[in-house]
Protein chains: 2
Amino acid sequence: MSEEETQESQRVAFGRRLRQLRRQNNWTLADVADRAGLAISTISKAERGIIALTYDRMALLADGLGVDMAALFAEQGENFTPGSFAVARKGEFHRQETSNYVYEMLFPELWNKSMSPMMGTLKAHNVMDFEEFVRHPGQEFLVVMEGAVTVHVEGREPVTLQQGDSIYFDSALGHLYASDGDNDARILVVCSAS
Amino acid sequence: MSEEETQESQRVAFGRRLRQLRRQNNWTLADVADRAGLAISTISKAERGIIALTYDRMALLADGLGVDMAALFAEQGENFTPGSFAVARKGEFHRQETSNYVYEMLFPELWNKSMSPMMGTLKAHNVMDFEEFVRHPGQEFLVVMEGAVTVHVEGREPVTLQQGDSIYFDSALGHLYASDGDNDARILVVCSAS
DNA sequence: TGGGGAATTTTCCTATTGGAAAAAATATCT
DNA sequence: AGATATTTTTTCCAATAGGAAAATTCCCCA
């Protein structure tokens, strides 16, 4: 039956991706099984599309492979196809927290965006962890929406930006943001994809 | 055990997301079951985190919900873990006018930017020239900083955005912005290079 | 080329999922 | 409020996933 066939092949394709991710790191089944806390046989079967992993095992496996769950599906993900279009209403963001920031990804459901816009809140008086300079490919643009922000860029003097000010830099430079005043600061950050 | 607990809650959170997606469209379990080709009970249990869906059911369910598989997991993960450098103070922009807009290019002196941020002012009650749909390669992101803006995108219903709302679209689609209220509107637009 | 260890697949069994239908809970209408 | 229709949850059983260990295949090197 065609239904089953396509489903079968989809699972097989997914398995191939799993194996590829594992091989990419030169890990054996045992390595990943260990890291993920799964049985070797389970991973073996999954990679060959013999079984359909359950959600919980998948989460563990993603963890063991060191990738985000969503990344596992990135390939079959909907591309930002020519003609795409999306609106984000104030507040309906996808919230995410790191040790240093709280930020909300806009349009998380869009894949292959060439830009990633995020709204972020910087807590006042937050102690920054300077060991944790962030670095990634691409370029970055930041505007201060509310409050004041001090931007630390590796190897440069910190820059303080007031509301309305903006900065543009190469994301490969280690960078960190911190609220400058006594109030929380609100920022809009846009990262370019590559 | 903590391991199991976090896993459990993760599954529950995932379930909530599923239910939210379904409710968002005012679909009943039966509706989605029908669209996805799954049993009602399966979806019910999944939404409550009673069971861990298998890969194949998850693929069908995503389909039934009309979302991409990757979107289900849109945690978007490490977008934030992958030079030049420039600061623009509020107001020190490079001013430019067109028949429809007044906008100010940020960082005009920077070359090879992969993104072009611009601040724009939309005059209230401005008569738009709809012959003049703008089209260009790349993608575009717009946030409303002040006021309200109606975005006209070719072949779609106009969308009205309030302060804080944003939109992301393919710049190849003809597009136009207009202030919506009685006051001027202030927008931030970022275009990707290609 | 053949031994020996590492990596992967298979086997076999238990635990869990997935579906159909009954039961329960909600919503709707008069 | 009662009756009925709609939606969701529960139940129970068949189908499938997951793990431990045995069997097999794959490599590497003498």
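All values derive from a computational prediction rather than experimental measurement. Each chain gets a letter, A, B and so on, in the order its sequence line appears, and its residues count up from 1.
Sorted by first and then second residue, the pairs that involve residues 21-34 of chain A and meet salt bridge (charged side-chain N to carboxylate O under 4.0 Å, His left out), not counting sequence neighbours, are A:Arg22-A:Glu47.
In this entry the distance linking CZ of B:Phe14 with C1' of C:dT17 reads 15 Å, nearest Å. Rounded to whole angstrom, the span from the CG atom of B:Asp31 across to the C1' atom of D:dT6 amounts to 11 Å. Here the P atom of nucleotide C:dG18 and the CG atom of B:Leu29 are 15 Å apart, to the nearest Å. With rounding to whole Å, A:Leu61 atom CG is found 14 Å from D:dA17 atom C1'.
The main-chain N or O of B:Gly64 is found under 3.5 Å from a side-chain atom of B:Arg35 such that the two form a donor-acceptor pair.
Side-chain nitrogen and oxygen atoms of A:Arg19 include none within less than 4.0 Å of the OP1 or OP2 phosphate oxygen of C:dA7. The side chain of A:Arg48 places an N or O atom within less than 4.0 Å of a non-bridging phosphate oxygen (OP1 or OP2) of C:dT10. For A:Ser44, no side-chain nitrogen or oxygen approaches OP1 or OP2 of C:dT8 to under 4.0 Å. Contact annotation: A:Arg22 does not reach the phosphate of C:dA7 (side-chain N/O to OP1 or OP2, under 4.0 Å).
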What's the verdict on side-chain contact (heavy atoms from CB on, under 4.5 Å) for A:Val149 and A:Asp180, showing C-alpha distance, side-chain angles and the deciding distance?
-> CA-CA 5 Å; A:Val149 174; A:Asp180 191 51; 5.8 Å; no

Please report the C-alpha distance between A:Val190 and B:Phe141 in whole Å, then the side-chain angles of each, then the deciding distance to 0.1 Å, and finally whether the side-chain contact (heavy atoms from CB on, under 4.5 Å) criterion is met.
-> CA-CA 9 Å; A:Val190 185; B:Phe141 169 67; 4.1 Å; yes

Any chance you could lay out the side-chain contact (heavy atoms from CB on, under 4.5 Å) test for B:Leu188 and A:Val143, step after step, and finish with the verdict?
-> CA-CA 9 Å; B:Leu188 171 66; A:Val143 203; 3.5 Å; yes

B/S/- contact track for nucleotides 18-29 of chain D, protein heavy atom under 4.0 Å | BBBB--------

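In terms of position along DNA chain D, the nucleotide closest to B:Thr28 lies nearer the 5' end than the nucleotide closest to the other residue of the pair B:Thr28 and A:Ile50.
Judged by distance alone, the side chains of B:Glu140 and B:Tyr168 never bring a donor and an acceptor atom under 3.5 Å apart.
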